[in-house]
Structures are given as C-alpha cells and as structure tokens.
A.B. asks: 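I'd like to ask you about the structure that follows.
In the text below, chain A, chain B and the rest are named by the order of the sequence lines, each starting its count at 1. All of these numbers come straight from a predicted model, not from anything done at the bench.
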Number of protein chains: 2
Amino acid sequence: MDRSPLAPAAFPSLPAIAGVTLRTARAGYKAWERADLTYIELDAGTAVAGVTTQSKCPSPEVEWCRDAIPLGAARALVVNAGNANAFTGSRGRAAVEAIAAKVANHLACLPSDIFISSTGVIGVPLPVEKAEAGLDAAFAAAPCDWEQAAITIGTTDTYPKGAKASALIGETRVDLVGIIKGSGMIAPDMATMLGYIFTDAAVDPGLLQQMLAAANKRSFSCITVDSDTSTSDTVLAFATGKANNARLRLMDDPGADAFAAALADLCRQLAHLVVRDGEGATKFIEIRVEGATSDDSAHRIGLSIANSPLVKTAIAGEDANWGRVVAAIGKAGEPADRDRLSIRFGATQVATHGLAVEGYDEAPVAAHLKGQEIEIGVDLGLGEGRATIWTCDLTHGYISINADYRS
Amino acid sequence: MDRSPLAPAAFPSLPAIAGVTLRTARAGYKAWERADLTYIELDAGTAVAGVTTQSKCPSPEVEWCRDAIPLGAARALVVNAGNANAFTGSRGRAAVEAIAAKVANHLACLPSDIFISSTGVIGVPLPVEKAEAGLDAAFAAAPCDWEQAAITIGTTDTYPKGAKASALIGETRVDLVGIIKGSGMIAPDMATMLGYIFTDAAVDPGLLQQMLAAANKRSFSCITVDSDTSTSDTVLAFATGKANNARLRLMDDPGADAFAAALADLCRQLAHLVVRDGEGATKFIEIRVEGATSDDSAHRIGLSIANSPLVKTAIAGEDANWGRVVAAIGKAGEPADRDRLSIRFGATQVATHGLAVEGYDEAPVAAHLKGQEIEIGVDLGLGEGRATIWTCDLTHGYISINADYRS
C-alpha cells in the first residue's frame with residue numbers, strides 16, 4: 001500500500017524513556033517475513049492508565065486490560081500484529097492468559113502486570129505456540145528503537161506513527177513518547193486503533209487515568225475515519241517515574257497541569273496521525289463546531305458531520321456543498337435552529353442565519369478546498385458549547401481497499 | 001444516469017383512484033425540458049395523514065405539512081422538482097404560502113388543504129413566479145397517468161417508482177396506489193425521499209395517521225442508503241372515501257386490520273424501491289435481526305449494521321466478512337453478548353455462539369453473495385426483539401455520483 005499522501009515527511013526523532021525497553025520478534029502470525037510481536041518491558045514501579053473501545057463485543061485482550069488497568073501497575077506490554085484474536089470465545093481468552101503467565105514468569109511479577117493487545121484478522125484464536133515462541137525470541141532480542149516498534153505494531157498502516165511531548169514538573173523535565181497504529185476504525189485486517197504512551201514522569205495511576213480520560217475525550221474520541229468502531233481499540237499510558245520529579249498525585253499538585261497539557265497534546269498528535277492514514281484519504285478535515293447548547297451536543301453534531309458520507313464525498317470532490325453540512329447537522333438529533341445557523345469553509349462564510357451568503361467570494365473557498373487541510377466551521381448560534389472533530393474524505397480509495405479485498 | 005441494476009423490469013400497471021386527478025407541467029425550476037411540477041387534485045372530503053423527516057433543520061414545505069396534517073383534510077398536492085427550497089429563510093416560507101394561496105383560490109378551499117413538497121438544489125428560494133406560471137399550466141393540462149406523475153416528482157432517480165395494494169373492507173374492495181422518489185437519503189440534487197399514497201377508502205384522518213405511523217415504522221424507518229437524512233423527507237397518505245366502504249374510524253372496526261395490512265405492504269414496497277435505486281447500488285441487502293432485548297434494540301442494531309461502510313463495502317466485494325458485522329453490532333451501543341451471537345449469510349450459519357463455525361460450507365455463501373439479493377441474519381440470543389432493515393451496498397458508483405459532482 002502506498003504511503004498516505006497526508007503522512008508526515010518522516011518518522012520523528014523520539015527520545016528514549018528511562019525504564020522502557022523495546023524489543024520485537026517474528027511470531028509468524030501471518031505468512032510474512034516481518035516482525036509481528038512487540039514486547040515492551042517496563043521497570044518495576046511503572047503506573048498504568050488506559051481507555052478501551054466502547055464496543056459491546058470486545059476482544060479478550062480488551063477485557064483483560066479492562067480488568068488490569070484499575071490495579072494501576074504494569075511491567076510489560078505485548079502487542080500481536082496479524083491476528084486480532086477477537087470473536088474467538090474461550091480459546092481466545094486462554095491465549096491471552098497464557099501470554100500473561102509466560103511474561104509474568106519471565107519477569108517474576110503478577111500476570112495482571114502484563115498488558116496485551118492483538119490486531120489483525122478476527123475469528124481465528126491466537127495460536128498460543130506461536131505467541132510463546134515469539135516471546136522467547138523477543139526476550140533474547142536486542143532492544144530496538146521507537147520506529148521499529150511503531151512499524152511492528154502496524155497492520156494496514158501505510159506509515160509508522162510516533163510523536164512526543166515534554167513538560168516541566170517543578171524543575172524536572174519529563175518526556176512523553178507515543179506510538180500508535182490504525183488506518184480505518186476497522187479494516188480488512190481489523191486496522192484497530194492501538195495507542196501506547198510512555199513517560200518517565202512519576203504519576204499516581206489514579207491521576208494518570210483521570211488525565212488520560214480527559215485527553216482521550218478531546219483526541220481519540222474526536223476522530224472518525226468511517227464511523228466504525230473496532231472490537232479492540234485500546235490506548236494505554238505507562239509512567240515509569242524514572243524522571244524522579246515530585247510525584248504527581250492530585251490535579252492540584254504543582255506541574256500537574258503542565259503534564260496533563262503535554263499528555264493531551266501528545267494524544268491529539270497521535271489521533272491526527274491515525275486520521276492522516278485514513279483509508280483512501282486525500283484530505284484532512286477539521287470540523288469546528290461552536291454555539292451549541294453544550295460541549296457534548298457540539299461533539300455529537302461534529303461527529304454527525306464527520307461521519308456523513310455525503311459531506312466526506314463532497315470534500316473529496318472539492319465541492320463547497322454546505323447543504324450537505326446542514327443536512328448532517330439536522331440529522332444529529334441535537335438542538336439546532338436553521339435560522340441561526342452559520343457555516344464557513346476555511347475563512348469564508350458561505351451561509352449565515354439560515355441563508356446562503358449572497359455573492360460570497362468563491363475563489364478563496366475553491367482554493368481552500370483544493371488543499372489537503374480542510375476546515376469546516378459551524379456556528380449554531382444557540383449557546384457556548386464547542387467541539388473540534390477530525391476526519392478525512394471518502395474516496396474511491398476507501399472503496400477499493402474495503403470492497404476489492406476478500407477475507 | 002443508467003437505470004439501477006436493481007430496478008424492476010417495468011413500471012407496474014396501477015389502477016385509477018376515484019377522487020384523485022393527476023396533472024403535470026413544466027415550471028422550469030431548472031434549465032431542462034422535462035415536466036417538473038406535479039399537481040394532484042383531491043375531491044372534497046379527502047382525509048390526510050403524514051410523516052416527515054426527523055431533521056431539526058427541515059424545509060419550509062415540511063413545516064407547512066407538519067402544521068396542516070393534524071387538520072386532517074386535503075384538496076391538493078403540489079410537488080416541485082429541481083429546487084428543494086430548503087435553507088432559504090423567510091423567502092422560502094413565503095413561496096410555500098404563495099403556492100398554497102393560489103391553489104386554494106383555484107379550488108375555493110382553505111390554504112391548509114393544500115400540501116406541498118419541493119426537492120432539488122438547496123439554498124435557493126423557490127422562484128414564486130415560476131411556481132405560479134407552472135400551476136396555471138397544470139390547471140389547464142390534461143390529466144396524466146401514475147407513471148408520468150412518478151417521473152415528474154423524480155430528480156436523481158434512475159427509474160420512476162410506483163406500487164399498489166388492495167384490501168376488502170366488508171364486501172367493498174378498496175385500492176391503494178403509491179408513488180415515491182429518492183435514491184440517496186440526500187444527494188447532489190437533494191434526492192430526498194418523497195412518497196405519496198392515495199386510496200379510495202373512507203378512513204378517518206386520525207386512524208389513517210395511526211396506521212401510517214405504524215406502517216412507516218416498519219418500512220421507511222427501516223431503510224438506509226447512506227445514513228444521511230434529508231431536510232425534506234415526507235410521506236403523505238390521502239384517502240378520498242370514494243369506495244364508499246363503511247367508514248373506518250377505529251382500529252377495531254371491521255376491515256381496519258385488512259386496510260392497515262395493505263397500507264403497510266404498500267409502504268414496504270415503496271421503501272424497497274428507494275433502496276433499489278440507492279446511489280451506486282449493485283446489491284439489495286436485507287438484514288434480519290432477532291434475539292435482541294427489544295424490537296427497538298433490534299432496530300438500532302440492524303441500522304448500525306446497515307450503515308456500516310465496512311459491511312456495505314464487504315457486500316460490494318462479495319466477501320462473507322462476518323467480523324465486520326460483529327464490529328457493527330458492537331458499536332450499536334445496544335445489549336449484545338459476543339458469546340451468544342450467531343450470524344448467517346443467506347441460509348448458512350458462519351458464526352454461532354461467539355465462534356466461527358469451523359469448516360462451514362463456503363460454496364453456498366459465495367453463491368449467495370454473488371447474487372443481487374443478499375440476506376444477513378443476526379441472532380443475539382438474548383430475547384425476543386426483532387427487526388428487519390433494508391439497505392444496499394457501497395460501491396465506487398456511490399463515490400462517483402457524490403464526489404465527482406460539483407454543486
């Protein structure tokens with residue numbers, strides 16, 4: 001698959017995070033030569049937080065993580081690429097337990113300290129013997145860099161995705177690094193979104209969870225490629241504490257705000273990287289909704305616009321079709337008043353107060369739509385609620401990837 | 001636009017309905033030579049019922065109909081094709097009032113007896129002078145047949161759509177005829193769904209409304225092409241009473257059940273005709289959900305499957321990708337238990353109780369998916385709730401129609 005036209009020029013330079021050791025190996029989950037098992041060791045004392053798919057039919061890995069996250073401690077992360085192990089019943093669950101037991105034995109820790117994700121084809125139980133042989137190979141492998149790990153967790157991704165952020169907690173600099181995979185919400189090989197964040201900051205797991213949940217609400221929850229939610233979507237954050245900052249325990253602690261802002265920034269960067277790899281995407285679309293009756297209402301209206309096939313195809317066609325935006329707002333089921341509604345493309349108002357702006361200058365709109373970065377602004381004129389949603393256009397490429405493929 | 005491959009072979013033979021007179025004229029809403037104004041006169045004493053879009057940003061025509069339906073009486077229907085008159089503020093409203101006033105004057109009735117729909121481009125107020133000239137031409141025109149009326153209400157439709165049903169009320173035969181237009185929920189020219197049903201039965205408007213609402217719930221509310229809801233969707237039912245049956249007033253009246261069944265059958269036929277003209281559609285998909293905790297829950301799960309781009313592209317690709325069906329069920333937000341879920345394509349179970357059926361016979365599944373009529377069965381194994389939803393596949397044709405077009 002060709003690299004997405006919206007991809008960054010290169011994988012960024014990312015710092016090492018003290019207490020985090022990356023290794024990869026080839027478990028051979030598919031008949032390919034690439035590494036497909038990522039094993040990330042975390043020093044003792046690492047705190048963990050996580051958010052997972054809202055799906056009512058999650059994978060056993062998601063169920064495992066949901067159970068382990070509240071315990072707050074992590075010693076390792078295992079990511080299997082090529083087999084999602086979803087919809088595999090008790091055999092899938094047994095595979096997850098076997099992996100956790102093997103790694104816990106290797107590290108002399110609790111199985112609940114081991115976090116596991118799998119992504120790839122579904123309905124086929126993860127082959128335990130391949131996972132175990134892959135882990136043995138990974139245990140013996142030389143450490144690798146972030147780019148190698150980002151490549152190895154990927155499936156249908158057209159480029160590896162990583163980002164960084166940093167913050168000062170008192171006088172102590174802390175670093176955050178994230179890697180992520182995903183290109184549709186799900187895709188031929190279940191291109192689940194799996195994101196992992198590592199920081200050397202010392203943060204209590206309860207506070208880390210609170211900060212991750214807040215960051216998630218303004219990042220991963222604000223992106224959509226095709227409105228489809230995977231059974232395996234997972235974002236985990238690990239804090240090793242090796243920076244030896246004054247430990248963050250409460251949002252009121254000095255530096256907590258700065259760390260939360262850095263975490264939110266990193267999550268937004270990672271979320272954008274997923275949208276930029278949206279299947280068939282040729283344009284990155286930012287939808288800014290304001291004037292809604294609440295932030296939640298603005299969020300739902302933004303998602304309704306972002307998920308509208310007609311809006312997405314209009315942008316693909318570089319067409320300033322604000323009528324389709326109106327229709328998408330109307331169907332969101334949220335408070336809206338046609339006669340107070342204003343819509344802009346880029347900086348140009350095309351409709352205000354329920355009417356097309358007569359004789360608006362079409363040249364800047366056309367120029368804006370020809371670009372790769374599209375902004376749609378909606379003002380509902382009702383209140384103070386606002387939200388920003390990111391998505392991509394819907395093109396022949398999406399159909400080719402998803403219809404011209406056989407499972 | 002080529003006729004949809006899913007279209008019926010020909011427009012059906014439909015009976016005249018006593019008390020209903022059809023005429024068409026060219027108002028010239030667009031630069032085309034075709035008739036674009038449909039004027040349908042209804043004899044005095046005609047009862048009316050209607051259902052309209054759930055959109056919070058409806059067209060002034062929809063607002064007009066919403067106000068007039070509860071009054072229960074109708075003398076005429078005017079349908080404008082080529083201009084939706086949506087998002088046009090007070091000028092759009094004034095155009096609707098002018099049309100109602102002119103027809104009411106012609107028929108010496110109340111303006112609220114006149115029902116109006118418009119479909120086509122949005123954001124441009126309906127030109128009143130063209131509407132008035134078109135009406136004058138229609139008043140003077142010779143009556144036409146159902147097919148001509150069905151053609152005239154159409155915009156992006158690739159074929160005219162009509163159907164019939166009949167029932168016995170006591171010893172009296174009553175006939176029902178419906179015409180409908182629509183191909184996406186909305187489309188380049190706002191291919192709104194507009195449906196009109198005419199019967200010679202004598203039915204009180206309150207009962208007709210009750211029956212139409214019930215029929216709508218199992219027909220028009222169960223179809224989706226692209227999840228997009230138009231600002232103008234409208235279905236109206238007119239009952240002239242000319243059959244002189246014992247007037248139906250209550251659901252318990254003799255023959256009311258039979259009439260309601262015929263109405264429901266007609267609505268389902270009309271709904272299917274819209275799906276069969278889905279933009280770019282090559283396959284008609286029936287999704288049967290059972291075992292849900294309630295009928296409403298089954299309905300939402302069915303729509304989640306039907307609106308999933310990944311399910312729709314899988315069917316386009318003739319791929320029995322039940323994993324995408326699982327994902328669509330999981331994201332519906334309704335009660336579902338992976339380990340109780342069963343899925344079939346056609347008559348073949350491909351997954352039961354949370355696991356792929358090992359070694360299921362792929363030949364009948366492949367043969368089924370190669371056809372034009374696809375059935376997906378889902379049993380949630382939780383309760384008695386059931387629903388049937390109809391949709392079409394998502395193809396390159398949809399993208400071509402919606403992205404390669406400029407407004």
Side-chain angles (χ1 to χ4, degrees), chain A residues 53-58 86-89 121-124 184 186-187 190 226-231 307-310 313-314 316-317 319-324 326-339 341 351 353-356 394-396 398-400 402-407, chain B residues 53-58 86-89 121-124 184 186-187 190 226-231 307-310 313-314 316-317 319-324 326-339 341 351 353-356 394-396 398-400 402-407:
Chain A
T53 177
Q54 302 289 311
S55 175
K56 304 273 181 178
C57 302
F87 210 52
T88 52
V121 297
I122 83 167
V124 180
I186 66 167
M190 286 292 281
D226 54 12
S227 80
D228 275 322
T229 304
S230 154
T231 53
N307 281 327
S308 163
L310 289 168
T313 48
D319 176 18
N321 196 321
W322 53 268
R324 296 185 183 181
V326 176
I329 295 165
K331 75 170 175 165
E334 294 297 318
D337 178 346
R338 188 190 57 206
D339 296 340
L341 195 54
H353 304 301
L355 277 172
L394 174 59
T395 68
H396 286 288
Y398 182 87
I399 305 290
S400 295
N402 288 297
D404 305 349
Y405 155 92
R406 301 295 173 86
S407 60
Chain B
T53 177
Q54 302 290 309
S55 175
K56 304 273 180 176
C57 302
F87 211 52
T88 54
V121 298
I122 83 168
V124 180
I186 66 170
M190 288 291 282
D226 55 12
S227 81
D228 275 321
T229 306
S230 154
T231 54
N307 282 327
S308 163
L310 288 170
T313 48
D319 177 17
N321 196 321
W322 54 269
R324 296 184 183 180
V326 177
I329 295 165
K331 75 169 176 167
E334 293 297 318
D337 179 345
R338 189 190 56 206
D339 296 340
L341 195 55
H353 304 301
L355 277 171
L394 174 58
T395 68
H396 285 289
Y398 182 88
I399 305 291
S400 295
N402 288 297
D404 305 348
Y405 155 93
R406 301 296 174 85
S407 63

A.B. asks: Taking the six-membered ring for Trp, are A:His396 and B:His396 parallel (under 30°), tilted (30 to 60°) or perpendicular (over 60°)?
C.D. replies: parallel

A.B. asks: Please enumerate all residues that pass side chain to side chain contact (heavy atoms under 4.5 Å, CB included) together with A:Asp337, with sequence neighbours excluded.
C.D. replies: A:Asp339, A:Arg340, A:Leu382

A.B. asks: I need the residue from B:Ala336, B:Ala356, B:Gly330, B:Ala332 with the largest number of non-hydrogen atom pairs under 4.5 Å to chain A.
C.D. replies: B:Gly330

A.B. asks: Which atoms form the tightest heavy-atom contact between A:Gly89 and B:Leu355, and what is the distance?
C.D. replies: N-CD2, 3.9 Å

A.B. asks: Measure across A:Ser55 and B:Lys331 and return the closest heavy-atom pair with its distance rounded to 0.1 Å.
C.D. replies: OG-N, 4.4 Å

A.B. asks: Just to verify, what does A:Ala316 make a side chain to side chain contact (heavy atoms under 4.5 Å, CB included) with, not counting sequence neighbours?
C.D. replies: A:Asp393, A:Thr395, B:Ala403

A.B. asks: Measuring from B:Tyr398:OH to A:Leu394:CG, what's the distance to the nearest 0.5 Å?
C.D. replies: 7.5 Å

A.B. asks: Does some side-chain heavy atom of A:Pro309 sit less than 4.5 Å from a side-chain heavy atom of B:Asn402?
C.D. replies: no

